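Note that the numbering runs from 1 along the sequence shown for the chain. Everything quoted here is computed from the prediction, not taken from an experiment. Excluded from the calculations below are hydrogen atoms, water molecules and symmetry mates; all remaining heavy atoms, backbone and side chain alike, are included.
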Amino acid sequence: MRRQAPNPSAEGTARTDHHNSDLVIVGGGLGAVAAALAAARLGRSSIIAAPDGWLGGQLTSQAVPPDEHPWAETEFISSGYRELRERIREHYRQHYPLTSAARADEHLNPGGGSVSRLCHEPRVAAVVLEQMLAPYVESGQVRILRGYAPVAVARSDNRIDSVTVVSDSTGTCELRGEFVLDATELGELLPLADVPYVIGAESRAETGELHALTHAERADQQAITWCAAVEYRAGESHVIDRPEGYERWRDERDPRWSGSRFSWTDVHPITLADRFRPLFLDDPEKAVHSADRDLWHFRRILGREQLEPSYPGGEITLINWPQTDYWDLPLLGVPDRTRQEALRGARELTLSFIYWMQTEAPRYDGGHGYPELALRGDVLGTTDGLAREPYIRESRRIRALFTVTEAHIGCTMRGDGAGSALFDDSVGIGHYRIDLHPSAAGRNYVDITCFPFQIPLGALIPIETTNLLAANKSIGTTHITNGAYRLHPAEWSIGEAAGAAAAHCVTTGSTPARLRGDAEELRRFQDVLSGELGIPLAWPDEIRRTGVPDETVQRPERQWPTVERGMNA
């Protein structure tokens, strides 16, 4: 969150440190890490100004296991992201008392949760990301400033000259680089740099999208969630203090739900029908795996069946469920006091739901309350059991050279078998459903299918700034398509592409817009992406047109089809 620069002290004006690098990367999520790694592998230096002590954003500080497409275990994922996943598995093999079967499992899933093939503890991913960066930090190619938030941007005409970041404990730094990457969770550099951007939902008249609103609505921003980790400890009681405002959250009624917010009955995101999912279907000590019917196994990050019977600890799951989605107030386009109220509300909501589970929730055996649930802040790097940062689903979005709309990726808009649009400036691939959570404007879930898609370079480039690139959720998508481009593998690929493009432009003296507009230079750059960095740029046609996993599908010969024009081609 934005901080104020330190006030002058009694001894004089607070010192401002100055740092220079090829790339200035503001933000600390997966996009930031991927950008720094890509640039370093291409011989360029970076400074990462991260808001938190942990790197990894939604994977670590926000405590969300990776939401991935069905091809995450295949070659249709970038080599950098594949390395991250395999290093996480190897950490468990080296340091945890796994059963022999779990240790030998090529596709080890430490938690066995259903949301991902790799449900794991956030603290493990934080360690692994540090290991991946370590050689470049040691060599001086990457420098990490932790606990820093941007407070000012200096620019000359259409070029950013410097970014000022501030730390509550360390002070102020002025960062200068040939290129600046916005890898923040909320697109924090955009208003500071006076870069045109969009907040909330566009109108159907502007985007032409089937699922867009009739009128634009800035408050139509997805709910945030303050995640938490809990362990089940049979025979023990770990009931927390009754949170302030508990009754309000417990008794809240919302027209999007048929009953109380605190209930095992929530809303199915696709059908919007009632869906009953209790915490446990049966005795938790039996570890019954019913991921499609209970909440415990949905985001479980440590499962006992993977561990030797002598392991003294219990199972751990992450609370990131519909009951903890906070949608009362938006974070963007509001005064700072409103944003802070929203953040406090999100924390209070999650703590209240935990208290309800511990004391009043219907139990599997007919009783009420699960006092056995113990908050595990240690796996999240906190003392209170909640994540270090809130889970942010939606950012400011740049007015880009190219904007991806539902017409480019949506199955219904494009028609059965049509596949996603083909972009000749592809810098990566991704896939996820268009998954929008309830919003602060009162809208319910929007959860619709889309085809496996490409990431166009034009979506990373702002219309009016020559040396700024988007490296996280602030790329040129709409409110609708953001719901598919916001998940872990896509963010990694976006960051990789931004870091590689910036490194290329530093080396050649070009700009991202010129790179995109020069067909021959673009092809050479894409060869570096697909060859040197191991980034797939196109889906096989069988997958792109159907979205159906097929283990027999092989990587196609390179194809660079003609670009389909976006909103701002």
Give me the one residue out of L295, T350, L349 that meets side chain to side chain contact (heavy atoms under 4.5 Å, CB included) with Q323.
-> L295

Verdict with supporting geometry, Y92 and H120, ring pair (Phe, Tyr, Trp, His ring centres under 6.0 Å) = CA-CA 9 Å; Y92 281 92; H120 61 278; 7.1 Å; no

To the nearest 0.5 Å, how far apart are [atom1] in [X] and [atom2] in [Y]?
X: K473; Y: I398; atom1: NZ; atom2: CD1; answer: 14.0 Å
X: H479; Y: L213; atom1: NE2; atom2: CG; answer: 6.5 Å
X: L192; Y: T164; atom1: CG; atom2: OG1; answer: 9.5 Å
X: L343; Y: I224; atom1: CG; atom2: CD1; answer: 5.0 Å
X: L30; Y: N472; atom1: CG; atom2: CG; answer: 8.5 Å

Given D325 and T225, is the side-chain hydrogen bond (donor to acceptor under 3.5 Å, both in side chains) satisfied, shown in steps?
-> CA-CA 5 Å; D325 276 1; T225 302; 2.6 Å; yes

Is a donor on one side and an acceptor on the other found under 3.5 Å between the side chain of [X] and the backbone of [Y]?
X: S474; Y: A470; answer: no
X: E315; Y: R304; answer: yes
X: R396; Y: L186; answer: yes
X: R82; Y: I77; answer: yes
X: E121; Y: R123; answer: no
X: N109; Y: C119; answer: yes
X: R388; Y: Q62; answer: no
X: E496; Y: A35; answer: no
X: Q222; Y: P438; answer: no
X: R299; Y: N320; answer: yes

Apply the test side-chain hydrogen bond (donor to acceptor under 3.5 Å, both in side chains) to residues T478 and E406: give CA-CA distance (whole Å), side-chain angles for both, the deciding distance (0.1 Å), then the verdict.
-> CA-CA 8 Å; T478 64; E406 187 183 349; over 6 Å; no

State, without any angle test, whether H215 and E217 hold a side-chain donor-acceptor pair at a distance under 3.5 Å.
-> no

Do we see a donor-acceptor contact under 3.5 Å between the side chains of D274 and S258?
-> yes

Side chains of [X] and [Y], heavy atoms from C-beta outward: is any pair under 4.5 Å?
X: Y311; Y: P309; result: no
X: L307; Y: L302; result: yes
X: L133; Y: L55; result: yes
X: I88; Y: L118; result: yes
X: V64; Y: L318; result: no
X: D294; Y: F280; result: no
X: L129; Y: T60; result: yes

Give a yes or no on whether the ring-centroid distance for Y432 and H69 is below 6.0 angstrom.
-> no

Would you say [X] has more than 12 foreign heavy atoms packed within less than 6.0 Å of its [atom1]?
X: H268; atom1: NE2; result: yes
X: R337; atom1: CZ; result: no
X: D241; atom1: CG; result: no
X: E244; atom1: CD; result: no

Would you name the heavy atoms of [X] and [Y] that are closest together and state the gap between them?
X: P330; Y: T338; answer: O-CG2, 4.5 Å
X: L108; Y: A102; answer: CD1-O, 3.6 Å
X: V153; Y: A193; answer: CG1-CB, 3.7 Å
X: R256; Y: S439; answer: NH1-O, 2.9 Å
X: L386; Y: A228; answer: CD2-CB, 3.5 Å
X: N482; Y: R393; answer: ND2-O, 3.4 Å

Any salt bridge between D52 and R146, counting N to O under 4.0 Å?
-> no

In plain terms, say whether R242 and E348 are close enough for a salt bridge, that is, a side-chain N and a carboxylate O under 4.0 Å apart.
-> no

How far apart are the C-alpha atoms of E394 and R486, what are their side-chain angles, what is the distance that settles it, and do they pass the salt bridge (charged side-chain N to carboxylate O under 4.0 Å, His left out) test?
-> CA-CA 8 Å; E394 188 164 343; R486 67 178 176 82; over 6 Å; no

Would you mind telling me which of W249, Y355, F353, W321 makes a ring-ring contact (aromatic ring centres under 6.0 Å, His included) with F262?
-> F353

When Y370, W264, Y246 are each screened for ring-ring contact (aromatic ring centres under 6.0 Å, His included) with W356, the one that passes is W264

Measure from NZ or CZ of R261 to the centre of the six-membered ring of W327, then state whether that distance is under 6.0 Å and the direction lies within 45° of the axis.
-> yes

Should the pair W296 and Y232 be assigned to parallel (<30°), tilted (30 to 60°) or perpendicular (>60°) ring geometry?
-> perpendicular

Determine which pairs satisfy salt bridge (charged side-chain N to carboxylate O under 4.0 Å, His left out) with at least one residue from residues 225-234, sequence neighbours left out, and list them in order.
-> E231-R233, E231-R376

Can you list the residues that meet the side-chain contact (heavy atoms from CB on, under 4.5 Å) rule with H107, with sequence neighbours excluded?
-> E73, R89, D105

Test log, rule side-chain hydrogen bond (donor to acceptor under 3.5 Å, both in side chains), inputs S260 and S263 | CA-CA 6 Å; S260 169; S263 166; over 6 Å; no

Might you work through the salt bridge (charged side-chain N to carboxylate O under 4.0 Å, His left out) test for R87 and E130, ending with a clear yes or no?
-> CA-CA 11 Å; R87 280 176 176 259; E130 296 288 344; over 6 Å; no

Knowing that exactly one of R433, R117, R85 qualifies, which makes a salt bridge (charged side-chain N to carboxylate O under 4.0 Å, His left out) with E68?
-> R85

Start with the C-alpha gap between R218 and E202, add the side-chain angles, then the distance that decides, and say whether salt bridge (charged side-chain N to carboxylate O under 4.0 Å, His left out) holds.
-> CA-CA 8 Å; R218 287 166 60 89; E202 303 91 341; over 6 Å; no

Kindly determine whether E247 and R250 satisfy salt bridge (charged side-chain N to carboxylate O under 4.0 Å, His left out), including the steps that lead there.
-> CA-CA 5 Å; E247 289 82 2; R250 181 195 62 190; 5.4 Å; no

